[in-house]
2 protein chains.
Amino acid sequence: MNAPDPDLDPVVDDPGITTFGLLLEAHARLSKVLDVELRASDGITLQTYEVLLRVGRAPQGWVTMSDLADVVTLTTGGVTRLADRLEADGLVERGSCPTDRRVVHLTLTRKGRTLLRRASAHHVEALDRHLESRLDPADRCALDRSLDQLRRSCDEWRPGTAHVPADAAARAGD
Amino acid sequence: MNAPDPDLDPVVDDPGITTFGLLLEAHARLSKVLDVELRASDGITLQTYEVLLRVGRAPQGWVTMSDLADVVTLTTGGVTRLADRLEADGLVERGSCPTDRRVVHLTLTRKGRTLLRRASAHHVEALDRHLESRLDPADRCALDRSLDQLRRSCDEWRPGTAHVPADAAARAGD
DNA sequence: GTGAACTGTTTGACATGTCAACGAATCTGG
DNA sequence: CCAGATTCGTTGACATGTCAAACAGTTCAC
C-alpha cells in the first residue's frame, strides 16, 4: 500500500530538484566539516568565524547589526542574541554610531582580532583540503559564476514577484 | 583605532573563502526564496517538502528515522521531533519494521502523498524560475559536477583526517 | 516645525535543534 | 546460550533562532 507512487516520478526527477538537492547537501556537509575542524583547531564555531571575518574585514572596521543580519542570514533579533554571546566571550564590542544614534557599531576586540588571524590560517588550510584541491580548475570558475548568479537573482526577487496563483495563497491550509 | 587590519588581508582574501562564501549565500538565499514560495503555494516549509519528497520517492515507500536524519542533516533527536510534528499534521505515519523492532518506518499518509504531488508542481516551477532559467547551460553541468564532488569528498572525511590534536584523532573510527 | 511614516535594535513568548543519557533490540564471539 | 558492544529511537535539559510588539531615533511632507 505504500510503494513509491508512479505518478510522482515524472515530477520528482526534475533536474532542478537534483541540482538544488546537491546544493543543499554540499552546503550541509562542507559546513559540518569546516565547523568541526574550526572547533578542534580554535574552539569556535563556523558561525563565529564568519562573524569575526565580516567584522574584521569591514572597510571601516565595524558593521551594524543589520549589516550582519544580512550576511549571516539571520533576523535582526537573532543577531542581537548572537552579538550578546560574542560580546560575553569578549570577541566583539558594541559601540554607538556618531551620526545615527539608533545604530550599533560592532567592532572586534583585540582578542577577537587575534583569534580571527589564527583561525583564518587554519580555515584557509581546511578550505584548501576540502574545496580547492577537490575541484577541477575549469569547473571552479563556473562554480563561482553560477553561485554568484544564483545569489544575485535571489536578491532581486521580492515576494509577489512570482506568479503564484491568487487563490493559492488563500488555500494554504492543511 | 579599529581600521581593518592590513595583516589580515592576505589571509581573508583567499579564493577558497570567496567560493565558500558564495556557497553559503547562494544556499541561504535560494532556500529562503523557495521556502517563502512553498509556504505561499502549499502552506508547508521547504523542510517539510524535503521530508515528503524523500519519503515519497524511497524505493519501498518508507524510510527509517536514521535515513531521514542523514538526508535532512539533523541529529536523530531532531528527526524524532520533526516526525512528531509531521505526524501531528497527518502527513506521515510511524510504522514498525517487521525485521528489526528497534527501527521505525516512516511512510506518507494519503494526505501527505497528495500534498507532495501538489507541492512538487509548484516547487519545480519555482526552481525553473530561480535556478534553471538563471544559469548558463554549460555552467550548469560544471555546477552539478562540482557540488557532487564536494558532497562526496566531505562524506569520505572523518574527524582526525585533518591535522588536529591527537586526542581528537583517537576517536576516528566508527 | 510638527506629525506621520519609517528604520534600527531589543525583548518576551515560543519554535526548533543539539547533546548526552537512556532503554530496548540486535549483533558478536566465546 | 550469554555478556558485552553496538545500533535505533526517544527524552530532558538546554542552546539558538523566529516573530511580532515595543521603543527610540530619523526622515519626509506639509
Going 5' to 3' through nucleotides 18-25 of chain D and flagging B where a protein heavy-atom sits under 4.0 Å of the base, S where only the sugar-phosphate is that close, and - otherwise, we get BB----BB

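Taking CG of A:Leu82 as the reference point, atom OG1 of A:Thr76 lies at 12.0 Å (rounded to 0.5 Å). With rounding to the nearest 0.5 angstrom, the OG atom of B:Ser153 is 10.0 Å from the CZ atom of B:Arg151. Put simply, CG on B:Leu30 and CG on B:Asp35 are 11.0 Å apart, with the number rounded to the nearest 0.5 Å. Once rounded to the nearest 0.5 Å, the distance linking OG1 of B:Thr64 with CG of B:Asp100 reads 10.0 Å. In this structure, CD in A:Glu50 is found 5.0 Å from CG in B:Leu24, a value given to the nearest 0.5 Å. For the atom pair CD (B:Gln149) and CZ (B:Arg145), the distance works out to 10.5 Å, reported to the nearest 0.5 Å.
We find that CG of B:Leu82 is positioned 13 Å from C1' of C:dA15, with the value rounded to whole Å. The CG-P distance, from A:Asp35 to C:dG17, rounds to 17 Å in whole Å. The distance from atom CG of B:Leu68 to atom P of D:dG9 is 10 Å, rounded to the nearest whole Å.
As judged by a 4.0 angstrom heavy-atom cut-off over every strand, A:Ser66 is placed among residues touching the sugar-phosphate backbone only.
One finds no side-chain N or O of B:Gln47 lying less than 4.0 angstrom from the OP1 or OP2 phosphate oxygen of C:dT16.
Residues B:Glu37 and B:His130 have side chains that bring a donor and an acceptor to within less than 3.5 angstrom of each other.
Ring orientation note: the planes of B:His123 and B:Tyr49 are tilted relative to one another, at an angle of 30° to 60°.
For the helix from C:dG1-D:dC30 to C:dG30-D:dC1, the axis fitted to the five pairs at one end and the axis fitted to the five pairs at the other end meet at an angle of 30° (nearest 10 degrees).
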